Amino acid sequence: MRWSQAFIPTLREAPADAESASHILLLRAGYVRQLSAGVYSYLLLGQRSLLKIIAIVREEMDRIGQEFYLPALHPAELWQASGRWTGMGDNLFRLKDRFQRDLCLGMTHEENMAAIAAGELRSYKQLPQIWYQIQTKFRDEPRPRGGLLRVRQFIMKDAYSFDLDEAGLDASYQKHHDAYCRIFDRCGLRYLTVEAHSGQMGGSQSQEFMAVSPAGEDWIASCRGCGYAANLEKAESTPPPPAEAEQDAAPEAFATPGQRTIDEVSRFTGLPAAKLIKSLLYMAPAARAGGEAEWQPRLLLVRGDDEVNETKLLTLWPEARPAHPAEIEQYTGAPAGSVGPVKLRHPAVKLYADRALIGRRGLVAGANREGFHLRGLTPGRDFQPEWVEVRQVRGGDACRHCGQPLEVQPAIEIGHIFKLGRKYSQSLNVRVLDEHGKEAVPIMGSYGIGMERILTAAIEQNHDAQGFWLPPAIAPFQAVVSIVNTGEAAMLQAGERIYAELRRLGIDALLDDRNERPGVKFKDADLIGIPWRITVGKKIASGEVELGKRSRPGAETVPADQAAADLARRLHADG
RNA sequence: CGGGGCGUAGCGCAGCCUGGUAGCGCACCUGCCUUGGGCGCAGGUGGUCGCCGGUUCAAAUCCGGCCGCCCCGACCA
């Protein structure tokens with residue numbers, strides 16, 4: 001394509017409302033324009049890049065499954081069948097048709113796919129099935145952000161597997177895992193596969209594909225020693241032991257007037273936060289014989305310098321909430337800040353403690369009396385908690401599997417694979433006859449990749465002050481041919497020749513034939529994400545041009561008539 | 001939804017406190033000039049000052065309401 005004919009609206013300055021590198025650069029490079037919060041138009045470059053990403057995803061998915069195309073517009077009944085019409089809450093875009101019938105825009109397609117399966121699958125002989133689509137998804141995000149990172153409309157590859165039994169599901173899951181690795185490898189991303197929290201989707205196993213980036217919204221813990229990696233929502237570790245040996249001592253109350261937070265008590269007592277116990281009262285629903293839920297007070301103890309991970313907590317105690325101030329007084333006898341595990345006012349309070357407190361001695365906690373704390377506390381001797389795992393893993397914690405220190409870093413979720421179970425096949429009535437002629441409910445898996453997130457992550461991982469460079473496989477053009485001065489016949493002709501040769505070799509090239517000053521062309525070329533550049537300048541007098549890789553400074557001089565073939569070889573060799 | 005910020009030309013911003021002529025840089029158009037890192041000179045085009053209402057002789061500016069966008073948090077397969 002000729003730049004003089006192309007619509008590539010580059011911006012010299014960053015738009016005021018863009019913050020992250022990818023957001024700024026997508027706008028500056030003319031890839032996208034924003035229509036409203038979390039809704040973007042993809043222009044020439046953005047669309048070309050996404051089409052290349054989609055092509056890779058399609059190729060790899062076709063190796064393991066079959067492509068469908070399902071509606072984005074769904075009747076409410078479909079979502080009511082699975083319970084997600086109400087369960088999904090405000091994240092689901094809802095609308096009404098002219099007859100006031102309820103509809104929604106699909107955010108995923110488990111129901112839709114299961115409905116097709118329910119209507120058509122009859123026999124175990126038809127299994128396994130892997131069905132996928134590449135479709136626009138809609139989510140009414142409470143806060144869209146970061147350019148294309150979290151949006152309300154985006155393109156997703158979503159796949160669904162149907163198997164007769166767990167072993168079949170394991171195989172389908174593994175196929176997706178392998179396909180995803182091939183996809184992200186081909187897209188040139190630096191990523192990790194991590195154990196993930198299954199969330200409301202339920203299911204037995206799930207993994208996320210995470211592109212490491214400071215712009216990421218998720219945090220992952222990973223171990224260089226053994227390869228263990230997990231989302232912080234699920235990660236486990238062994239915290240470093242306390243610095244000094246701890247002594248047994250008898251519990252003893254002491255006054256701590258006005259000292260409420262861990263920080264305050266730590267400063268007041270001169271003890272490190274690790275010697276304190278943080279005591280948090282939660283209310284959690286416990287099933288009762290009558291079916292009615294009973295709200296139970298539960299005191300959760302964690303190390304003073306630890307944080308509770310909300311996701312872990314809610315996995316342990318679904319629907320639990322922090323107790324209100326009145327409840328805290330009622331059950332413990334003290335306001336928040338003086339609460340502890342010993343001498344609780346109300347016998348109904350159940351005690352739980354994070355495993356990081358196992359084996360600790362001589363600790364300090366609230367005395368359940370306003371303005372007083374207890375020292376000399378030893379878990380297991382002075383109180384008997386049930387041990388749980390709720391603390392947030394921190395960088396430097398020891399790996400559970402090999403003891404090496406864990407690294408904690410932010411990452412962008414680019415893919416997620418799930419063993420779903422039978423929730424959707426059950427509720428949408430998917431039934432097949434097994435080999436014994438008995439009715440069986442197939443077991444499902446669900447697997448997603450966010451197309452825009454691949455582009456976003458690639459930019460976040462490959463940029464500098466001047467712009468960015470995409471891996472050639474997903475760049476809108478693999479190379480740009482910059483003609484320094486189109487007014488010079490020799491340069492113009494050489495540029496045209498190289499451009500034609502590149503096209504003949506099957507290389508997507510952009511010919512910068514604009515009547516602009518060299519500085520403008522170079523700045524633009526550096527900005528817009530094209531990985532290779534051939535510069536046709538004054539060296540053409542001796543039959544030479546320059547070949548430069550955007551990710552590296554500098555360029556080398558090559559014979560003009562070799563330049564295209566040279567580039568083709570390099571693209572083939574190392575991208 | 002809570003906290004913070006912003007809304008003035010296509011983009012980036014000043015002007016608002018202290019009411020009275022809407023301004024700067026870039027971009028864009030014309031001409032000349034220039035061609036290895038966003039040239040130079042000259043002349044131009046372009047703005048319902050987010051919207052509605054109020055105060056006032058007079059509102060970008062003061063007051064009230066609303067809308068939109070961004071950031072932090074909450075939320076989030």
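Letters A, B, ... mirror the listed sequences (proteins, then strands); counts begin at 1. Owing to the predicted nature of the structure, the values given are computational and were not obtained by experimental measurement.
- The side chain of A:Asp524 lies closest to B:G38, out of B:G38, B:C39, B:G36.
- When the nucleotides B:C69, B:C39, B:G37 are ranked by their closest atom to the side chain of A:Val520, B:C39 comes out on top.
- Contact of A:Arg143 with B:C71 (side chain to base): no donor-acceptor pair of N or O atoms is detected under 3.5 Å.
- Among B:A77, B:C69, B:G12, the nucleotide with an atom closest to any side-chain atom of A:Thr108 is B:A77.
- Contact of A:Asp526 with B:G37 (side chain to base): a donor-acceptor pair of N or O atoms is detected under 3.5 Å.
- For B:A14 and B:G23, the C1' atoms lie 7 Å apart once the distance is rounded to whole Å.
- Closest to the side chain of A:Leu527, from the set B:A74, B:G38, B:C69, is B:G38.
- The listed nucleotides are B:A77, B:G36, B:C26; the one nearest the side chain of A:Lys538 is B:G36.
- A 3.5 Å limit on both hydrogen-bonding distances identifies no Watson-Crick or G-U partner for B:U18.
- Across B:U35, B:C69, B:C76, the shortest atom-to-atom separation from the side chain of A:Asn91 is found for B:C76.
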Check the interface with nucleotides 23-25 of chain B: list each N/O to N/O pair with the protein under 3.5 Å, or write none.
from	atom 1	to	atom 2	distance (Å)
B:G25	N2	A:Glu13	OE1	3.3

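- Taking the ring axis of A:Trp295 as reference, the NZ or CZ atom of A:Arg321 stays within 45° of it and closer than 6.0 Å to the ring centre.
- Nucleotide B:C26 is matched to B:G10 when pairs are restricted to Watson-Crick or G-U wobble geometry with both distances under 3.5 angstrom.
- Side-chain atoms of A:Gln129 and A:Tyr160 include no donor-acceptor pair closer than 3.5 Å.
- Taking a pair to require two hydrogen-bonding distances under 3.5 Å in either a Watson-Crick or a G-U wobble arrangement, B:C62 pairs with B:G54.
- When rounded to the nearest whole Å, the span between NZ of A:Lys523 and P of B:C26 equals 16 Å.
- A:Glu516 comes within 4.0 angstrom of a nucleotide base, judged by non-hydrogen atoms across all strands.
- The side chain of A:Ser446 lies closest to B:A77 when the candidates are B:C72, B:A77, B:C69.
- In this structure, B:G40 forms a base pair with B:C32, meeting either the Watson-Crick or the G-U wobble geometry with both donor-acceptor distances under 3.5 Å.
- With a cut-off of 3.5 Å on both pairing distances, B:G47 has no Watson-Crick or G-U wobble partner at all.
- The distance from atom CG of A:Asp140 to atom P of B:C75 is 17 Å, rounded to the nearest whole Å.
- Here B:A74 is the nucleotide among B:A74, B:C70, B:A77 with the atom lying nearest to any side-chain atom of A:Pro142.
- Going from atom CD of A:Glu19 over to atom P of B:C70 covers 11 Å, rounded to whole Å.
- The nearest heavy atom of RNA chain B to A:Leu35 and to A:Lys539 marks one nucleotide each, and the one closer to the 5' end goes with A:Lys539.
- Nucleotide B:G73 forms a pair with B:C1, judged by Watson-Crick or G-U wobble geometry with both contacts under 3.5 Å.
- You won't find any donor-acceptor pair under 3.5 Å spanning the side chain of A:Arg12 and the base of B:G37, going by distance alone.
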